[in-house]
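Take a look at the structure below.
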Amino acid sequence: LADDRVGIFHGAAGPFVAVAVADALETYSRALVKPESVVRVEHPQAGHTFPTADPTAPACTAVEEPYIGNCGLDGARALLGHLYGELADGRAPRPAGLIEFDQRPYAEAAGSAGLADRGWLFVPQDCEAGGEARCRLHVVFHGCKQGGSFIGDAFIRRSGYLEAAEANRIVLLFPQVEPSFQPLNPNGCWDWWGYEGEDYATQAGPQVRAVRSMIADLLGSAAQGALRSGLGAGPLRAVEHAHPPHALDASGGAADLLQQPQQQPPALALAAGTELLAQPEVQHGHVLEIGAVVHRNADRPAARGLEGEQ
C-alpha cells in the first residue's frame with residue numbers, strides 16, 4: 001500500500017459519520033501510505049452527500065436521496081484527478097456507453113448473497129471497438145442507499161463520473177449491492193462490517209472476489225482462466241488485452257485468492273479493439289462507513305487542489 005493514494009471527503013454537517021471517524025480514517029491511511037498521498041476535504045456545510053457542482057442537485061446540506069449535493073465541488077472529477085493526474089475537461093457522455101450486465105454469475109461464483117442482479121458498465125466512445133486508445137478501468141462503489149434498488153441509475157448519471165470518464169478514456173465499472181434482511185443489510189451498503197462473513201475486508205471476502213472476477217473478465221486475459229469462461233459468453237463482446245490482470249486486486253498486491261479454483265462466471269468483456277491499462281491504473285473504491293468511500297491509486301505523482309469522495 002505504500003505507493004497508493006487516498007482521497008477523503010467528509011461533510012461536517014452530516015448526521016451519520018462523525019468528524020472523529022474521518023479523523024481516524026485519515027490517521028489510519030497516513031500510517032499505510034505516504035502522508036503526502038492522502039488528501040482530505042472537510043466541508044463544513046456538507047451533509048451526508050456526494051459532492052457535485054451541479055446546480056440542479058439538492059442542496060449540499062441535504063440528507064436525502066439520491067445523496068448527491070450541490071457543494072460547489074465536482075467530487076468525481078477532483079478524485080479522478082487526484083488518482084490519475086491532470087484531466088481533460090469533461091464532456092457529455094454518449095447514451096449508448098452505459099450498459100447493464102448480469103451480476104448473478106459473479107455473485108454465485110464468489111458465494112455472495114449481497115450483490116444485486118444487475119450492475120452497470122460505462123464505455124467511453126474512444127474505448128469502443130476499432131479505436132487505438134489505451135483506456136483505464138476505474139471501479140466505483142456506491143454508498144448506502146445509493147444503489148439501483150433505491151435510486152435507479154441516478155448516482156451513476158448525476159455524480160459527475162460519466163462526464164470525466166468520457167473525456168479521459170476511463171472505463172467505469174459500477175457494481176451494485178442489494179438491500180436485504182438476510183443477510184442483514186437493509187440500507188444496501190457494501191459490506192464494511194461483516195454481514196457476509198468475517199473475511200469481508202480481505203481478498204477472500206465474497207464481494208471482493210465477485211468484483212475481482214468482473215475486473216478479470218474486463219481485462220480479458222486467459223491467465224485468469226479460473227475466473228472466467230470462454231470469451232463472448234457474457235453480456236458484452238469479448239476482447240483480448242495486452243496486459244494480464246494477475247497483479248490487480250482490491251489490496252494493490254498479487255491476487256493470490258484468484259488462483260483458487262471456483263465456478264466460472266460468464267465473460268464480462270469490452271468490445272474488440274479496446275486496451276485496458278494494468279495496475280496501477282485500475283482503481284478500487286472501498287466503502288468504509290455509511291456513504292464514506294476512499295479510492296486508492298499507486299505510482300502517481302502528488303496532485304494539487306481539493307480531492308475527495310463521499
Side-chain angles (χ1 to χ4, degrees), residues 5 7 9 50-54 57 66 68 73-101 118-143 146-148 151-176 211 214-215 217-220 235-237 239 241 243 245 248 268-271 273-286 293-297 300 303 305 307-310:
R5 297 181 56 77
F9 175 87
F50 185 96
T52 75
D54 180 0
I68 299 170
L73 169 67
D74 187 342
R77 177 180 175 81
L79 175 62
L80 293 173
H82 178 53
L83 299 179
Y84 296 120
E86 185 175 356
L87 300 178
D89 291 342
R91 63 172 182 256
R94 65 189 187 106
L98 189 61
I99 307 162
E100 284 191 77
F101 69 94
R118 311 289 289 178
W120 278 276
L121 181 78
F122 178 72
V123 182
Q125 180 70 54
D126 291 344
C127 300
E128 259 290 7
E132 298 183 358
R134 289 164 62 88
C135 296
R136 297 180 172 97
L137 173 61
H138 185 92
V139 180
V140 182
F141 291 82
H142 62 76
Q146 277 189 324
I151 60 172
D153 61 4
F155 172 72
I156 295 168
R157 292 187 181 276
R158 300 183 63 187
S159 60
Y161 275 108
L162 300 188
E163 290 80 1
E166 182 70 67
N168 291 279
R169 301 195 304 274
I170 302 173
V171 175
L172 299 172
L173 174 63
F174 295 93
Q176 300 287 299
V211 174
M214 298 174 194
I215 293 170
D217 272 351
L218 284 168
L219 291 175
L236 305 178
R237 288 175 296 169
V239 64
H241 298 293
H243 302 283
L248 300 171
L268 171 65
L270 299 177
T274 303
E275 181 181 5
L276 291 180
L277 302 178
Q279 191 189 9
E281 304 296 351
V282 174
Q283 305 308 322
H284 304 270
H286 296 258
V293 181
V294 58
H295 283 242
R296 302 183 295 105
N297 169 301
R300 295 293 306 179
E307 290 85 23
E309 165 115 9
Q310 179 189 3

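Quick caveat, the model's predicted, so the values are computed rather than measured. Nothing fancy with the numbering, it's 1 onward along the sequence. Heavy-atom basis, side chains included; hydrogens, waters and symmetry copies ignored.
For the pair Ala167 and Ala88, the tightest heavy-atom approach, listed with the atom from each and the gap, is O-CB, 3.9 Å.
A distance-only check finds no donor-acceptor pair linking the side chain of Glu86 to the backbone of Gly81 [under 3.5 Å]. Gln176 places a side-chain N or O within donor-acceptor distance of the main-chain N or O of Gly148, the cut-off being under 3.5 Å. Under the 3.5 Å distance criterion, the side-chain polar atoms of Arg169 are left unmatched by any main-chain donor or acceptor of Pro124. Of the possible polar contacts, none joining the Asp74 side chain to the Ala53 backbone as a donor-acceptor pair under 3.5 Å is found. The closest donor-acceptor contact from the side chain of Glu166 to the backbone of Gln125 lies under 3.5 Å.
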| said: With side-chain contact (heavy atoms from CB on, under 4.5 Å) as the criterion, how do Leu87 and Arg77 come out once you've worked through the C-alpha distance, each side chain's angles and the decisive distance to 0.1 Å? | reply: CA-CA 8 Å; Leu87 300 178; Arg77 177 180 175 81; 3.8 Å; yes
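Note that the NE2 atom of His138 and the OH atom of Tyr161 stand 4.5 Å from one another [nearest 0.5 Å]. With rounding to the nearest 0.5 angstrom, the CZ atom of Phe50 is 5.0 Å from the CZ atom of Phe155. In this structure, Arg118 CZ and Ile99 CD1 are separated by 11.0 Å, a value rounded to the nearest 0.5 Å. Here the CG atom belonging to Leu218 is positioned 12.0 Å from the SG atom belonging to Cys135, to the nearest 0.5 angstrom. A distance of 12.0 Å separates NE2 of His142 from OG of Ser159, quoted to the nearest 0.5 Å. Considering CZ of Phe174 and CG of Leu121, their distance stands at 9.0 Å, rounded to 0.5 Å.
Using a 4.0 Å cut-off between a side-chain N of Lys or Arg and a carboxylate O of Asp or Glu, Asp126 and Arg91 qualify as a salt bridge. A salt bridge links Arg94 with Glu128; the closest basic N to acidic carboxylate O contact falls under 4.0 Å.
Shown are Leu98, Leu172, Val140; of these, the side chain to side chain contact (heavy atoms under 4.5 Å, CB included) with Ile156 is made only by Leu98.
Side-chain contact check for Phe101 versus Leu173: some heavy-atom pair is nearer than 4.5 Å. Considering only heavy atoms from C-beta on, Pro93 comes within 4.5 Å of Glu163 through its side chain. A 4.5 Å side-chain heavy-atom check between Phe141 and Val211 finds at least one atom pair inside the cut-off. Inter-residue side-chain proximity for Arg158 and Thr52 is flagged as unmet; no heavy-atom pair is nearer than 4.5 Å.
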